[in-house]
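Scroll down for the structure; my scribbles are underneath it.
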Amino acid sequence: MTLSATTPHAISVFLQGMTLGLGLIVAIGSQNAFVLRQGLRREHVGAIVLFCALADAALIAAGVLGMASALGQRPMLATALALGGAVFLAVYGWQALRRARRPQQLRAAAGGNALGLGAILAQAAAFTLLNPHVYLDTVLLVGSIGAQQPGALRGGFIAGASAASLLWFASLGYGARWLAPWFARSRAWQVLDGLIGVTMFVLSALLLRHALGSWS
């Protein structure tokens with residue numbers, strides 16, 4: 001396969017990874033509230049953004065490469081995980097659409113005493129690594145979907161999903177003072193959840209097509 005032939009596929013896989021990453025990470029949660037809070041306080045923002053983004057990238061890479069290795073000799077398991085991932089994304093999209101009907105708000109208090117860099121990074125690690133959903137979403141789901149890609153394109157998928165984390169955390173941390181009023185509006189989350197729901201259904205359909213195509 002020539003470079004000109006693989007480039008469109010690489011871009012498509014990168015965008016798929018980024019879209020999936022954004023769809024999973026953009027939600028009301030303790031980690032996002034923590035990053036927003038530190039952005040409002042303007043304390044160690046760069047270190048927090050970098051830590052959260054690198055942690056996500058490491059988990060994504062471990063999931064994709066680990067799942068690819070595990071599935072390499074098990075095509076039926078790969079198909080089963082693809083079907084399971086399609087169902088999960090469909091359910092996730094349905095939940096996002098349900099949230100859009102009952103929108104919430106993301107608020108982050110700016111009070112409290114200033115903490116040192118070590119203490120702040122320890123908090124960031126706790127919010128990131130002690131959340132069981134990060135292993136279900138980032139390692140298992142993103143890993144199993146990324147493992148479905150051809151070997152030469154998995155790096156692009158990892159890069160896309162990792163770029164989504166970096167983009168989101170940087171926007172949240174450095175744009176906190178401008179984004180906080182927007183995040184406090186329930187209507188904004190209603191629109192965002194609606195877009196996430198539609199996106200997750202599209203990704204579910206693509207993954208389902210991939211799974212069914214492997215049977216033919």
Side-chain angles (χ1 to χ4, degrees), residues 7-36 38-39 45-68 85-86 88-93 95-96 99-100 106 124-125 127-129 131 133-149 153-176 178-179 182-183 188-189 191-207 210:
T7 298
H9 294 291
I11 294 174
S12 176
V13 168
F14 178 89
L15 292 177
Q16 182 180 350
M18 175 174 280
T19 302
L20 178 62
L22 284 173
L24 292 175
I25 199 173
V26 179
I28 296 176
S30 58
Q31 184 189 43
N32 286 335
F34 171 72
V35 176
L36 182 63
Q38 293 306 121
V45 177
I48 293 169
V49 168
L50 185 61
F51 176 88
C52 292
L54 288 177
D56 267 12
L59 290 169
I60 291 166
V64 172
L65 299 178
M67 292 299 292
F88 181 92
L89 289 176
V91 172
Y92 193 96
Q95 290 175 340
R99 289 197 306 268
L106 175 60
F127 282 122
T128 302
L129 302 176
N131 178 8
H133 291 289
V134 74
Y135 300 102
L136 175 63
D137 295 348
T138 307
V139 178
L140 183 58
L141 177 62
V142 177
S144 62
I145 294 175
Q148 310 290 328
Q149 307 296 335
L153 299 179
R154 288 173 191 147
F157 182 90
I158 294 171
S162 300
S165 293
L166 178 60
L167 176 64
W168 173 250
F169 289 126
S171 300
L172 204 57
Y174 288 107
W178 294 274
L179 294 175
W182 187 83
F183 284 130
W189 283 101
V191 173
L192 188 58
D193 276 327
L195 291 174
I196 290 173
V198 172
T199 300
M200 292 297 104
F201 277 118
V202 170
L203 290 176
S204 174
L206 292 174
L207 194 58
H210 175 85

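Sequential numbering from 1 along the given sequence is applied to the chain's residues.
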Smallest separation among heavy atoms of [X] and [Y], with atom names:
X: V45; Y: G39; result: CG2-CA, 3.9 Å
X: V64; Y: A147; result: O-CB, 3.9 Å
X: Q149; Y: R154; result: O-NE, 3.0 Å
X: N32; Y: I25; result: ND2-O, 3.2 Å
X: F169; Y: Q31; result: CZ-OE1, 3.4 Å
X: S204; Y: A86; result: OG-O, 2.5 Å

With rounding to the nearest 0.5 Å, note down the distance linking [atom1] in [X] to [atom2] in [Y].
X: L141; Y: I60; atom1: CG; atom2: CD1; answer: 11.0 Å
X: L195; Y: L22; atom1: CG; atom2: CG; answer: 11.5 Å
X: L24; Y: T19; atom1: CG; atom2: OG1; answer: 11.0 Å
X: C52; Y: L129; atom1: SG; atom2: CG; answer: 9.0 Å
X: L153; Y: I11; atom1: CG; atom2: CD1; answer: 11.0 Å

In the structure I gave you, are the side-chain heavy atoms of [X] and [Y] within less than 4.5 Å of one another anywhere?
X: L59; Y: V142; answer: no
X: L166; Y: L54; answer: no
X: V35; Y: F127; answer: no

Worksheet item: Between Q38 (side chain) and F34 (backbone), is there a donor-acceptor pair under 3.5 Å?
Response: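 No; zero donor-acceptor contacts below 3.5 Å.
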
